[in-house]
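As structure tokens, the structure follows; a few thoughts come after it.
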There are 2 protein chains.
Amino acid sequence: MKDGDDSGNPTDENTDAGLARLLHDHQVNPTRQRLAIARCMFKHRQHLSADSVLVQVNLGDTYVSKATVYNTLKLFVEQGMLREVVIDSQRTLFDSNISDHHHILNVDTGEIRDIDPIQLAVPKLRELAPEESITSVDLVLRVSSKT
Amino acid sequence: MKDGDDSGNPTDENTDAGLARLLHDHQVNPTRQRLAIARCMFKHRQHLSADSVLVQVNLGDTYVSKATVYNTLKLFVEQGMLREVVIDSQRTLFDSNISDHHHILNVDTGEIRDIDPIQLAVPKLRELAPEESITSVDLVLRVSSKT
DNA sequence: CTCACTGCAAATCCTTTGCAGCTGC
DNA sequence: GCAGCTGCAAAGGATTTGCAGTGAG
């Protein structure tokens, strides 16, 4: 692992060289299409659907097919560069923030925001079997801004 | 499998009359197909996928098409009789337990269990805007039973 | 008889697979 | 020249839509 911070420092992630390094660090070959997708995902610090990524990427000068967008996003998730966030049955988003955190969905605006990890009283859960260990905690807080 | 009496409390939800009343209470016309689907959802296991419901229902004597299963489950959710639980991007389940609770997914066995509502430090969330109120909290705890 | 509602076949949309082309050795 | 990897067209599967059938008034 390099000492160049690859998750918090946007300066070098916005250069192609930085992105190439990021891909390399995660054992992903930096091809043209993958760089274009990475550029899209890590430039806008956002939650994007596969389809949004497709549109965004193809605004640029590198054509990427729908299938490649899906396969690449999936690959990035497997390699720990992205996190897949299932908001509801209609929406699966990809989150460039892989640190431990949760999400707020405003059901009126559709906006999604990050929230800090919540301290759950998890160890006290009697529903957890003794041999079971927690792998991840997926939490979506649905809020309304209607009065 | 025998289904004459349910081991615990013989509520009237297990009779067709009870189911019809339940549907009626939620402004849903108790048609043959809807009753068959309700019977399946409220008598059998708690968490079922749309496809499982299709299979279960068609073991009985009322044929119901795939589309009707989907439409009916969606209707039940809209009318507050069922809750839709998105486990991950591959799995959407319908839960006949509509009380406030969360879910544990054992990633090794695929088993899903209910857990009691967790006391979240939600009021303290600074990420919540003043005018926003919490609609629901969707929490899936992913656990592994590997040692 | 008419109208509104119901249920389903077909269409649609999202995602994955299988393979042709390319790259480096 | 060959082996393995990439990217995409086409296939596959889940969900929704539009309309024919049905029953109540």
Side-chain angles (χ1 to χ4, degrees), chain A residues 16 19-20 22-24 26-41 47-58 60-79 81-95 110, chain B residues 16 19-20 22-24 26-41 47-58 60-79 81-95 110:
Chain A
D16 275 10
L19 287 174
L22 179 65
L23 295 187
H24 181 262
H26 289 269
Q27 284 101 47
V28 174
N29 266 355
T31 65
R32 183 173 293 108
Q33 287 88 342
R34 287 170 180 177
L35 272 173
I37 292 168
R39 209 175 292 130
C40 172
M41 284 306 302
H47 308 92
L48 291 173
S49 67
D51 209 60
S52 308
V53 173
L54 179 69
V55 172
Q56 291 283 331
V57 165
N58 286 330
D61 47 12
T62 308
Y63 171 72
V64 183
S65 77
K66 207 173 199 180
T68 296
V69 168
Y70 275 97
N71 289 339
T72 301
L73 289 173
K74 203 176 144 198
L75 175 69
F76 284 5
V77 170
E78 278 161 11
Q79 298 304 323
M81 297 168 57
L82 291 178
R83 180 169 151 189
E84 196 175 0
V85 182
V86 181
I87 295 298
D88 56 36
S89 53
Q90 323 305 310
R91 252 192 317 174
T92 302
L93 302 180
F94 293 88
D95 189 346
Chain B
D16 274 10
L19 286 174
L22 179 66
L23 294 187
H24 181 261
H26 289 269
Q27 286 101 48
V28 175
N29 266 357
T31 65
R32 184 173 293 107
Q33 288 86 343
R34 287 170 181 179
L35 271 173
I37 291 168
R39 208 176 293 131
C40 173
M41 283 308 300
H47 308 95
L48 290 173
S49 67
D51 210 59
S52 308
V53 173
L54 179 69
V55 171
Q56 291 283 330
V57 165
N58 285 329
D61 47 11
T62 308
Y63 171 73
V64 183
S65 76
K66 206 172 198 178
T68 297
V69 168
Y70 275 97
N71 290 338
T72 302
L73 289 173
K74 202 176 145 198
L75 175 69
F76 284 4
V77 170
E78 278 162 9
Q79 297 304 322
M81 297 169 58
L82 291 178
R83 182 170 149 188
E84 197 175 359
V85 182
V86 181
I87 295 298
D88 56 37
S89 53
Q90 323 303 310
R91 247 188 326 171
T92 303
L93 302 181
F94 293 88
D95 190 346

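Atoms considered below: every heavy atom in the structure, side chains included; atoms not considered: hydrogens, waters and symmetry mates. Since this is a predicted model, take the numbers as computed values, not measurements. Sequence lines set the chain letters: A, B, ... in the order given, protein chains first and strands last, and positions in each chain run from 1.
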For this session: Could you check how far CD of A:Glu78 sits from P of D:dT6, rounded to whole Å?
Result: 13 Å
Exercise. Would a 4.5 Å heavy-atom cut-off, applied to side chains only, mark B:Leu73 and B:Val53 as touching?
Worked result: yes
For this session: Would you tell me whether A:Thr92 and A:Glu84 have side-chain atoms, one donor and one acceptor, within less than 3.5 Å of each other?
Result: no
Problem set entry | Residue pair B:Lys66 / B:Asp51, side-chain heavy-atom distance below 4.5 Å | yes
Exercise. Given side chains that start at C-beta, do those of A:Arg34 and A:Val28 come closer than 4.5 Å, heavy atoms only?
Worked result: yes
Seminar exercise, completed: To the nearest 10 degrees, the angle between the two end axes of the helix from C:dC1-D:dG25 to C:dC25-D:dG1 (five pairs per end) comes to 10°
Exercise. For the pair made of CG in B:Leu93 and P in D:dT15, what is the distance, rounded to whole Å?
Worked result: 10 Å
Exercise. So do the side chains of A:Met81 and A:Leu22 get within less than 4.5 Å of each other, counting heavy atoms only?
Worked result: yes
Exercise. How close or far is atom C1' of D:dG21 from atom OH of B:Tyr63, stated in whole angstroms?
Worked result: 16 Å
Problem set entry | 4.5 Å side-chain heavy-atom contact, A:Phe76 and A:Leu23 | yes
Exercise. Is there a side-chain contact between A:Ile87 and A:Leu93, using heavy atoms and a 4.5 Å cut-off?
Worked result: yes
Exercise. Counting only N and O atoms by type, is there a donor-acceptor contact under 3.5 Å from the side chain of A:Ser52 to the main-chain atoms of A:Leu48?
Worked result: no
Exercise. For the pair made of CG in A:Leu75 and C1' in D:dC8, what is the distance, rounded to whole Å?
Worked result: 16 Å
Exercise. D:dG7 phosphate, OP1 or OP2: any side-chain N/O from A:Thr68 under 4.0 angstrom?
Worked result: no
Exercise. Going through the distances and angles, do B:His47 and B:Phe94 end up as a side-chain contact (heavy atoms from CB on, under 4.5 Å)?
Worked result: CA-CA 6 Å; B:His47 308 95; B:Phe94 293 88; over 6 Å; no
Polar pairs (N or O, both sides) under 3.5 Å between protein and nucleotides 16-18 of chain D?
from: D:dT17; atom 1: O4; to: B:Asn71; atom 2: ND2; distance (Å): 3.4

Distances for protein N/O vs nucleotides 4-6 of chain C N/O pairs under 3.5 angstrom?
from: C:dT6; atom 1: OP1; to: B:Asn29; atom 2: ND2; distance (Å): 3.0
from: C:dT6; atom 1: OP1; to: B:Arg34; atom 2: NH1; distance (Å): 3.2

Problem set entry | Value in whole Å for how far the C1' atom of D:dT15 lies from CG of B:Leu54 | 13 Å
Exercise. Below 4.5 Å, heavy atoms only, C-beta onward: do B:Cys40 and B:Ile37 meet side chain to side chain?
Worked result: no
Exercise. In whole angstroms, how far is the P atom of D:dC8 from the CZ atom of A:Arg32?
Worked result: 11 Å
Exercise. Does A:Asp88 reach the main-chain N or O of B:Val86 with its side chain, forming a donor-acceptor pair under 3.5 Å?
Worked result: no
Exercise. Roughly how many Å is it from CG in B:Leu73 to P in C:dC8, rounded to a whole number?
Worked result: 13 Å
